Amino acid sequence: MYRIIVLTLSILFSGAVTADTNIDNQNVKRAVLDYIESQHKVEPDLMKRGLDKKLAKRTYWESKDGSEIIMETDFETMVWVAENYNKDGNKFPSSPKVDINILDIDNRVASVKLTVDDWIDYMHLYKNENNEWKIINVLWQYHDTKKHSSKP
């Protein structure tokens, strides 16, 4: 009898873990989609929903004098990007490539690789006190690394 109870409880708890994992996967993916779709569709509210206010987005960049710097972007700038970058509708293909690869989710943290037409983003997300997944860190680069330059 004891074995049946233990087996039943094990099955019930494993189902709950799978359900939580599926929900977390969906919510992590939604935050990443908010980030990229906000730029495609010019919807800054999506960007606000997907990002943490302490976002740190970084890439390496070659300045005009030839030195390499780390270029940083914050929450407010990314909201501005969502509102302005694609206003004319010409920054992305009509059917943009969006590939979201969730590398890992462990309790309240996740790591994701987003591959789009011209660049990749490696993202860190966390689940906040309101049970919302937010992007807190992004490290990105163009596929064509020659674009990482301020030189004409």
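What you see is a predicted model, and the numbers here were worked out from it, not measured in a lab. One-based numbering along the sequence shown.
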Is any side-chain heavy atom of Asn128 closer than 4.5 Å to one of Asp52? no
For a quick test of reading the model, state the closest non-hydrogen atom pair linking Ala31 to Ile135 and the distance between them. O-CD1, 3.7 Å
Per side-chain hydrogen bond (donor to acceptor under 3.5 Å, both in side chains), Gln141 is matched among Tyr122, Tyr60, Trp61 by Tyr60
So that I can tick it off, tell me whether Asp45 and Arg49 are bridged by a salt bridge, with the cut-off set at under 4.0 angstrom between side-chain N and carboxylate O. no
Can you measure from CH2 (Trp119) to CG (Asp144) and round to the nearest 0.5 angstrom? 14.0 Å
So, do Lys48 and Asp34 sit near enough that their side-chain heavy atoms are less than 4.5 Å apart? no
Minimal heavy-atom distance between Asn86 and Asn90, with the atoms involved, is OD1-N, 3.1 Å
Reported CD-to-CG distance for the pair Glu72 and Leu55, which is rounded to 0.5 angstrom: 10.0 Å
In a check of side-chain contact (heavy atoms from CB on, under 4.5 Å) between Asp118 and each of Lys147, Lys91, Lys97, which one passes? Lys147
Between Asp121 (side chain) and Met123 (backbone), is there a donor-acceptor pair under 3.5 Å? no
Please check: side-chain N/O of Glu43 versus main-chain N/O of Gln39, any donor-acceptor pairing under 3.5 Å? no
Any donor and acceptor pair, going by atom type alone, linking the side chain of Thr77 with main-chain N or O of Thr73 inside 3.5 Å? no
Is there a donor-acceptor pair under 3.5 Å between the side chain of Ser149 and the backbone N or O of Lys146? no
Same apolar cluster: Val138 and Met47, side chain cutoff 4.5 Å: yes
To the nearest 0.5 Å, how far apart are CZ in Phe75 and CD1 in Ile136? 11.5 Å
Give a yes or no answer on whether the side chain of Ser63 reaches the backbone of Ser67 with a donor-acceptor pair at less than 3.5 Å. yes
Is any side-chain heavy atom of Ile36 closer than 4.5 Å to one of Val116? yes
To the nearest 0.5 Å, how far apart are CG in Leu103 and NE2 in His124? 8.5 Å
Donor-acceptor check, side chain of Asp106 to backbone of Val109, threshold 3.5 angstrom: yes or no? no
CD1/Ile23 to CG/Asn131 distance, rounded to the nearest 0.5 angstrom? 9.0 Å
His143 (side chain) donor-acceptor with Thr115 (main chain) under 3.5 angstrom: no
Strictly below 4.0 Å, N to O, side chains only: are Asp24 and Lys127 in salt-bridge contact? yes
Would you say Tyr35 and Val98 are hydrophobically clustered, going by side-chain heavy atoms of ILVMFWY under 4.5 Å? yes
Is the backbone of Trp140 close enough, under 3.5 Å, to the side chain of Thr59 for a donor and an acceptor to pair up by distance? yes
Taking a hydrophobic cluster as the set of Ile, Leu, Val, Met, Phe, Trp and Tyr residues connected by side-chain heavy atoms closer than 4.5 Å, whether directly or through intermediates, do Tyr85 and Val42 fall within one such cluster? no
With under 30° as parallel and over 60° as perpendicular, where do the rings of His148 and Tyr142 fit, or are they tilted in between? perpendicular
Side-chain heavy atoms under 4.5 angstrom apart, residues restricted to Ile, Leu, Val, Met, Phe, Trp, Tyr: same cluster for Val28 and Leu51? yes
Output for pair (Ile69 CD1, Ser150 OG), nearest 0.5 Å, gives 6.0 Å
A side-chain contact here means heavy atoms from C-beta on lying under 4.5 Å apart; do Asp99 and Leu114 qualify? no
Which heavy atom of Ala82 sits nearest a heavy atom of Pro44, and at what distance? CB-CA, 3.7 Å
Do Lys29 and Trp133 make a side-chain contact, defined as non-hydrogen atoms from C-beta onward lying under 4.5 Å apart? no
In terms of side-chain geometry, is the basic nitrogen of Arg30 or Glu37 positioned less than 4.0 Å from the acidic oxygen of its partner? yes
Would a single hydrophobic cluster contain both Phe92 and Val32, if residues Ile, Leu, Val, Met, Phe, Trp and Tyr are joined by side-chain heavy-atom contacts under 4.5 Å? yes
